[in-house]
Amino acid sequence: MRKNADVVIIGGGSIGCSVAYNLALKGFKNIVLLEKRYITSGSTGRCGAGIRQQWGTEININLSRLACNLFLELGEKTGYGDIEFRQSGYLMITYDKKQAERLSKNLVLQQSLGVPAKRLTGSEAKDVVPYLNIDGMEAAFYCKEDGCINPFKATFAFEKGARDLGVEFEKYTEVLDIETEAGKIKAVKTDKGTINTPLVINATGPYAKFIGKMVGVSHPVEPERHQILVTEPLEHMVGPLVMSFNHDSYINQQHHGGFVMGYGIPNEPKRINYNHDWSFMEEMAKKSVFQIPALKDVRIVRQWAGHYGISPDGQPIIGSIPEVEGYYTALGCGKGFMLSPAIGLLLAEHLSGEKTTLDLEPMNVRRFEKGELIFETGVV
């Protein structure tokens with residue numbers, strides 16, 4: 001392991017690898033990425049893999065559109081090959097009138113920013129997903145450019161691109177402490193030795209606050225468990241990812257035929273917890289069968305749990321931390337994998353002194369002190 005580095009990135013998920021790749025593209029040298037287990041071992045490798053542009057804030061819409069375009073070229077640009085980006089669409093449904101009105105307002109904003117989304121009637125939604133239950137459905141919203149990506153292959157593409165440009169990846173290396181001197185980053189201490197560096201990037205997602213404590217900073221990010229399951233493979237019957245705002249759930253049939261599905265559990269304790277339980281499976285079964293009755297007898301293969309790193313407004317935290325010179329965050333806050341190409345590019349542009357493709361100021365941590373939170377209404 002190197003004793004000195006110009007940049008140390010902590011976290012080997014999609015964001016950390018994206019930051020490493022984009023910094024190397026900008027000409028940064030002597031970059032080290034530290035991962036306490038293996039690449040994609042955390043939230044990235046446990047996510048639902050959905051990619052969508054149908055959001056309710058200008059920030060998230062612009063970020064997701066940028067990320068989508070970058071994902072399209074990632075495999076070829078890095079020389080990795082196919083990352084399995086399947087633009088089969090997102091079908092967002094609701095059986096509630098108020099939710100339909102809110103999603104319709106979101107649609108107006110989306111369309112004004114170039115998202116090719118549209119509102120569908122129940123019967124039109126059934127044309128898109130023939131097995132869908134449309135009884136009592138108020139509205140559906142569809143964007144054909146949304147879809148899903150293999151999160152492992154996408155992250156490995158970032159890793160390959162970064163390695164080819166000279167980035168050093170240190171796996172199974174745990175960060176024990178971060179040394180500062182006169183308010184500036186000095187070194188990162190690991191279980192394999194110390195790396196002297198003037199710049200540290202925290203890309204640890206739900207673990208962000210634990211890294212922040214090492215430099216005396218309290219990050220407003222809490223880990224929140226999300227459970228997910230996959231079924232046995234069936235003949236292909238559902239193209240787009242189906243997201244129900246009534247059920248706070250998503251259902252996505254993968255290329256191998258299995259259905260990946262999950263839902264947000266209300267009042268989930270904010271802590272690291274990789275356990276999963278029967279109650280989730282039972283509740284998810286009820287939700288999925290209501291939406292797609294044909295799933296009634298499908299068998300579940302396995303289930304697992306991962307984490308979102310949740311900020312108070314659910315928006316990313318990207319940029320410098322004013323209390324410590326040379327310390328930066330690259331946090332997706334619940335949308336890490338989905339936004340990882342954009343976050344990596346924007347932070348690399350910022351650190352290069354360039355004008356960023358999108359304005360980073362609204363995503364800076366200082367917004368919490370100023371009370372300038374930007375709440376997202378399109379979260380499941």
Side-chain angles (χ1 to χ4, degrees), residues 1-46 78-80 151-217 219 272 309 320-321 324-332 336-337 340 343-344 347-348 350-352:
M1 186 170 66
R2 298 179 191 177
K3 300 297 183 183
N4 299 284
D6 294 335
V7 182
V8 171
I9 300 165
I10 306 174
S14 56
I15 290 181
C17 292
S18 173
V19 170
Y21 171 61
N22 280 282
L23 283 176
L25 279 179
K26 293 294 182 183
F28 281 76
K29 305 296 183 183
N30 201 12
I31 302 169
V32 177
L33 184 145
L34 304 174
E35 166 54 47
K36 68 177 180 178
R37 294 187 67 201
Y38 54 87
I39 303 302
T40 73
S41 61
S43 297
T44 296
R46 300 167 184 270
T78 60
Y80 180 86
F152 300 98
K153 291 188 174 183
T155 307
F156 296 155
F158 284 130
E159 180 189 13
K160 179 186 183 304
R163 283 187 185 276
D164 289 347
L165 292 168
V167 176
E168 178 180 312
F169 285 75
E170 292 290 344
K171 293 179 284 187
Y172 297 99
T173 303
E174 185 175 0
V175 173
L176 303 177
D177 198 8
I178 300 174
E179 296 181 4
T180 61
E181 187 176 275
K184 299 179 181 180
I185 293 292
K186 181 182 178 183
V188 177
K189 295 179 64 177
T190 79
D191 58 355
K192 292 182 179 178
T194 298
I195 306 174
N196 298 307
T197 183
L199 201 158
V200 168
I201 298 171
N202 182 347
T204 59
Y207 292 89
K209 74 173 188 176
F210 305 112
I211 298 298
K213 288 180 180 178
M214 296 179 183
V215 293
V217 174
H219 290 315
I272 297 294
S320 62
I321 302 300
V324 184
E325 185 177 334
Y327 178 60
Y328 292 77
T329 57
L331 307 172
F337 171 65
S340 57
I343 293 174
L347 187 55
H350 175 68
L351 289 170
S352 299

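Remember, predicted model here, so these are calculated numbers, not experimental data.
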Determine whether I195 and L34 satisfy the following criterion, side chain to side chain contact (heavy atoms under 4.5 Å, CB included), listing intermediate values before the conclusion. CA-CA 11 Å; I195 306 174; L34 304 174; 4.0 Å; yes
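Contact record, E35 with S41: OE2-OG, 3.2 Å, taken as the closest heavy-atom pair. Residues A208 and N202 share a closest heavy-atom pair of O-ND2, 3.1 Å. Nearest approach of K171 to R37, heavy atoms of both residues: CB-O, 3.5 Å. For S18 against G344, the heavy-atom pair with the smallest separation is OG-CA, 3.3 Å. Of all heavy-atom pairs spanning I39 and C17, the tightest one is CG2-SG, 3.9 Å. Contact detail for S352 and F28: the closest heavy-atom pair is OG-CE1, 3.3 Å.
Taken from CZ in F156 to OG1 in T40, the straight-line distance is 4.0 Å, to the nearest 0.5 Å. A distance of 8.5 Å separates CD of E168 from CG of N30, quoted to the nearest 0.5 Å. Note that the OH atom of Y328 and the CD1 atom of I321 stand 10.0 Å from one another [nearest 0.5 Å]. Atom CD1 of I343 is separated from atom CG of N22 by 11.0 Å, given to the nearest 0.5 angstrom. Note that CG of L33 and CZ of F158 are 12.5 Å apart. Values are rounded to the nearest 0.5 Å. Atom CD1 of I178 is separated from atom CD1 of I211 by 5.5 Å, given to the nearest 0.5 angstrom.
No more than 12 heavy atoms of other residues, nucleotides or ligands sit less than 6.0 Å from atom NZ of K186. Under a cut-off of 6.0 angstrom, the local environment of NZ in K189 is sparse, with at most 12 non-hydrogen atoms contributed by other residues, nucleotides or ligands. Within a 6.0 Å sphere centred on NZ of K184, heavy atoms belonging to other residues, nucleotides or ligands number 12 at most.
Side-chain contact check for M1 versus T190: some heavy-atom pair is nearer than 4.5 Å. Residues L351 and V7 fail the side-chain proximity criterion, which asks for heavy atoms closer than 4.5 Å. Side-chain contact between R163 and F169 is present, with at least one heavy-atom pair separated by less than 4.5 Å. Considering only heavy atoms from C-beta on, I15 stays 4.5 Å or farther from L331 through its side chain. D191 has its side chain within reach of T173: a pair of non-hydrogen atoms, C-beta onward, lies under 4.5 Å apart.
Side chain of D177 to backbone of E179: no donor-acceptor contact under 3.5 angstrom is found. Remark: side-chain polar atoms of T197 are paired, donor with acceptor, to backbone N or O of A5 under 3.5 angstrom.
Below 30°, between 30° and 60°, or above 60°: for H219 and Y327 the angle between ring planes is below 30°, a parallel geometry.
Screening V188, I185, N4, V8 for a side chain to side chain contact (heavy atoms under 4.5 Å, CB included) involving N196 leaves a single residue, N4.
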